[in-house]
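One structure is given here, and the rest of the page talks about it.
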Amino acid sequence: ELASKIGYSAMRSGSYAEAVKYLKEAIAICDGDKEPTRQMVNGGRSNFCLDVLTECEIRQNHLAEAQKIINERLKRIKLASIDGTVEWYLLFNHAMLQEKLGKYSEAEAYYKKAIVQHEQDDKNRGALPSSSKDNNRMLAYVLREYARFLRTQKRPSESYDLMDRAVGIMNNAP
């Protein structure tokens, strides 16, 4: 758990080499632990670390490596393609990867899918947009990245609307 948290924090602060080191360590520990009572927790943590590692590789422009990790994640959840997933982080990473590859319409579609998945998950926990329970920091993170993408596409007014929503969410966050 500690290695995964250090890896995530390092990635978010831009210390990619450190992030990769700790994330790979956490994955190895989780995947190596064969204790049946910890399989589900370890599987979830390992998948999270793979998602963070994917984002880290994308941010370093290691696109082939990022695609390999996405493929590994899909294999672990027994999916042949990204289209069947409901995991927001996979959708988000695919969006960022497509953006880096210059496939802007596909990137936009997957940013939107990641947002929709968060909104569905939030709705299931009783958090509606603009309500006091609308406090999902990871949704705010996706909204911010999608807003950045829209600015690169010369669509500032749409970008500002997303940033307003992201700020509102962060104002509600604990």
Side-chain angles (χ1 to χ4, degrees), residues 7-20 23-24 27 46-124 127-130 134-173:
Y8 177 74
S9 295
M11 188 276 300
R12 288 295 296 265
S13 69
S15 301
Y16 300 123
E18 182 180 15
V20 167
L23 293 166
K24 286 183 176 181
I27 293 164
S46 184
N47 285 340
F48 173 74
C49 289
L50 286 167
D51 290 335
V52 176
L53 184 59
T54 303
E55 183 178 351
C56 189
E57 297 293 8
I58 291 167
R59 293 191 182 281
Q60 295 179 93
N61 291 315
H62 301 159
L63 306 184
E65 185 59 30
Q67 185 62 62
K68 285 180 193 174
I69 300 167
I70 288 172
N71 292 343
E72 171 63 24
R73 278 286 283 118
L74 291 171
K75 181 179 166 187
R76 285 176 180 231
I77 59 173
K78 298 175 179 36
L79 288 177
S81 83
I82 194 83
D83 296 324
T85 190
V86 294
E87 295 190 31
W88 76 266
Y89 216 151
L90 267 170
L91 297 166
F92 174 71
N93 280 333
H94 185 72
M96 288 197 324
L97 180 60
Q98 297 314 300
E99 179 184 354
K100 291 276 188 167
L101 293 170
K103 298 178 180 178
Y104 301 121
S105 62
E106 188 169 348
E108 182 165 10
Y110 280 89
Y111 278 121
K112 287 179 179 179
K113 286 180 182 188
I115 292 166
V116 166
Q117 188 58 54
H118 266 301
E119 290 172 336
Q120 181 61 50
D121 293 345
D122 286 352
K123 181 180 175 186
N124 291 341
L128 300 174
S130 301
D134 188 16
N135 60 6
N136 182 338
R137 291 173 186 242
M138 296 312 290
L139 172 56
Y141 185 62
V142 175
L143 289 167
R144 188 193 76 199
E145 286 297 319
Y146 182 37
R148 179 204 45 77
F149 168 79
L150 290 173
R151 284 191 307 277
T152 69
Q153 300 299 300
K154 310 290 189 244
R155 295 162 57 191
S157 62
E158 292 170 84
S159 174
Y160 296 143
D161 291 342
L162 291 171
M163 285 304 296
D164 281 346
R165 183 164 177 216
V167 168
I169 289 169
M170 293 307 291
N171 284 340
N172 289 335

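In this chain, residues are counted from 1 in sequence order. The figures here come from the full heavy-atom set of this structure, side chains too, leaving out hydrogens, waters and symmetry mates.
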Does the side chain of [Y] come within less than 4.5 Å of [X]'s, by heavy atoms?
X      : Y      : value
Gln117 : Phe92  : no
Val20  : Gln60  : yes
Val142 : Tyr89  : no
Glu99  : Thr152 : yes
Glu18  : Ser13  : no
Tyr160 : Leu150 : no

How many angstroms lie between atom [atom1] of [X] and atom [atom2] of [Y], to the nearest 0.5 angstrom?
X      : Y      : atom1 : atom2 : value
Leu79  : Asn71  : CG    : CG    : 11.5 Å
Tyr8   : Arg12  : OH    : CZ    : 3.5 Å
Asp164 : Ile169 : CG    : CD1   : 11.0 Å
Thr54  : His94  : OG1   : NE2   : 12.0 Å
Glu158 : Phe149 : CD    : CZ    : 10.0 Å
Leu50  : Leu90  : CG    : CG    : 9.5 Å

Discussion item. For Ser159, run the side-chain hydrogen bond (donor to acceptor under 3.5 Å, both in side chains) check against Gln153, Lys154, Arg144, Arg151 and tell me which one passes.
Written reply: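 It is Arg151, the one option of Gln153, Lys154, Arg144, Arg151 that forms the side-chain hydrogen bond (donor to acceptor under 3.5 Å, both in side chains) with Ser159.
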Worksheet item: When Glu108 is tested against each of Arg155, Gln98, Lys113 for side-chain hydrogen bond (donor to acceptor under 3.5 Å, both in side chains), which residue passes?
Response: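 So, applying the side-chain hydrogen bond (donor to acceptor under 3.5 Å, both in side chains) to Glu108 and each of Arg155, Gln98, Lys113, only Arg155 qualifies.
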Worksheet entry | Intermediate values then yes/no, side-chain contact (heavy atoms from CB on, under 4.5 Å), Leu97 and Asn93 | CA-CA 6 Å; Leu97 180 60; Asn93 280 333; over 6 Å; no
Item to complete: Evaluate the criterion side-chain contact (heavy atoms from CB on, under 4.5 Å) for residue pair Leu63 and Gln67; output intermediate values, then yes/no.
Response: CA-CA 6 Å; Leu63 306 184; Gln67 185 62 62; over 6 Å; no
Worksheet item: When you look at Leu23 and Phe48, which way does the side-chain contact (heavy atoms from CB on, under 4.5 Å) test go after all the steps?
Response: CA-CA 9 Å; Leu23 293 166; Phe48 173 74; 5.8 Å; no
Item to complete: Would you check, one step at a time, whether the test salt bridge (charged side-chain N to carboxylate O under 4.0 Å, His left out) holds for Glu119 with Arg165?
Response: CA-CA 12 Å; Glu119 290 172 336; Arg165 183 164 177 216; 2.6 Å; yes
Discussion item. Once you measure the plane-to-plane angle for Tyr111 and Tyr146, does it fall in the parallel (<30°), tilted (30-60°) or perpendicular (>60°) bin?
Written reply: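 Because their plane-to-plane angle is under 30°, the rings of Tyr111 and Tyr146 count as parallel.
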Discussion item. Give me the atom names and distance for the closest heavy-atom approach of Ala19 to Gly7.
Written reply: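 Shortest heavy-atom separation between Ala19 and Gly7 comes out as CB-O, 3.4 Å.
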Worksheet item: How far apart are the C-alpha atoms of Arg59 and Glu145, what are their side-chain angles, what is the distance that settles it, and do they pass the salt bridge (charged side-chain N to carboxylate O under 4.0 Å, His left out) test?
Response: CA-CA 12 Å; Arg59 293 191 182 281; Glu145 286 297 319; 3.3 Å; yes
Discussion item. Under a 3.5 Å threshold, yes or no: a donor from one side chain and an acceptor from the other, between Arg73 and Thr85?
Written reply: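 Arg73 vs Thr85: no donor-acceptor pair found between side chains.
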